[in-house]
Amino acid sequence: ASRGLGDVYKRQLLALTPADFNFKKKTLRINKSYQRLQGKDVITTPKTKNSIRTVVMPQFLCDEMQDCLKLYYSLKPDDRIFPVTKYYLNHEMERGCKACGVKKIRFHDLRHSHVSLLINMGYTALAIGKRVGHSAEKITYRYAHLFPSVQLDMAEQLDCLLYTSDAAD
C-alpha cells in the first residue's frame, strides 16, 4: 500500500549512521528509513524501491560530515549521528532563520529547496528524480514553480537570440 503525502509529514527522520557514508567514493547510501512512531525509534525499508539509492555528495558535504563525525569519541557504524527530535530540528531551523533574516521553512522544505535549485541549475527532471528517489518524473516537475524568475530569464534569453540574429543580418 502506498503512503499519502500526509504520511511524509507525520514520519520523523531521525538519523543517519556512519555506515551510510562512503567518504572515499563521496556517497551516501539510502536504504533504510529512520522514523519515530508513537514515541519509539523505528527503522523500516523506504516507502518505494526508488527510495533505495546511492547519492553522490559534493566535496564540501563530505568534509562537513567528516568534521562532524570527529566530534564523537566512540561512534559505532550503526549509531545515530544526529540523535535529535523533529521538534528540536524545527526549533533550530526557526532560530537559525530568524538570526539570518531569511523566511522560515520546515525542515522537509530543505528537500524541496534542493530539487528546485537543481532544476534552476539546468539538470533534467529525470536526473533530479533519480537523485532524490522520485518514483516518476512528473513528481519532480511539481517543484518547478519554486523558481518563477526562470520565466523572466527565458524571455530575456529569447530576446537575446532575436536581437543577436537581427544584428547579424
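Values in this document were obtained by computation on a predicted structure and should not be read as measured data. For this chain, numbers begin at 1 and follow the sequence in order.
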Handout entry: Option among Val132, Val55, Asp20 that satisfies the side-chain contact (heavy atoms from CB on, under 4.5 Å) test with Ile30
Key =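 So, applying the side-chain contact (heavy atoms from CB on, under 4.5 Å) to Ile30 and each of Val132, Val55, Asp20, only Val55 qualifies.
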Handout entry: 4.5 Å side-chain heavy-atom contact, Glu94 and Asn90
Key =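 They are not in contact (no side-chain heavy atoms under 4.5 Å apart), so the answer is no.
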Handout entry: Student check: side-chain heavy atoms of Asp109 and His112 closer than 4.5 Å
Key =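 They are in contact (side-chain heavy atoms under 4.5 Å apart), so the answer is yes.
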Let me check something: do [X] and [Y] share a hydrophobic cluster, defined by ILVMFWY side-chain heavy atoms less than 4.5 Å apart, either directly or through other members?
X      : Y      : value
Met121 : Val115 : yes
Leu28  : Ile52  : no
Leu61  : Phe21  : yes
Tyr123 : Leu126 : no
Leu110 : Val102 : no

What are the two closest heavy atoms between [X] and [Y], and how far apart are they?
X      : Y      : value
Lys103 : Cys97  : O-SG, 3.6 Å
Leu75  : Pro18  : CD2-CG, 3.4 Å
His114 : Arg131 : NE2-NE, 3.1 Å
Thr27  : Thr54  : CB-CG2, 3.5 Å
Arg53  : Arg29  : C-NH1, 3.2 Å

Exercise for the section: Mind jotting down which residue pairs meet the side-chain hydrogen bond (donor to acceptor under 3.5 Å, both in side chains) criterion with at least one end in residues 57-69? Sequence neighbours excluded, please. Expected result: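 For residues 57-69, and leaving out neighbouring residues, the side-chain hydrogen bond (donor to acceptor under 3.5 Å, both in side chains) pairs sorted by first residue read Gln59-Asp63.
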Counting only heavy atoms not in [X], do more than 12 sit closer than 6.0 Å to its [atom1] atom?
X     : atom1 : result
Tyr88 : OH    : no
Lys25 : NZ    : no
Phe23 : CZ    : yes

Exercise for the section: Look up atom SG in Cys62 and atom CE in Met57, then write down how far apart they are to the nearest 0.5 Å. Expected result: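 With rounding to 0.5 Å, SG (Cys62) is 3.5 Å from CE (Met57).
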Practice task
Calculate, to the nearest 0.5 Å, the distance between atoms CZ and CD1 belonging to Arg111 and Ile105 respectively.
Solution key: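 It is 13.5 Å, given to the nearest 0.5 Å.
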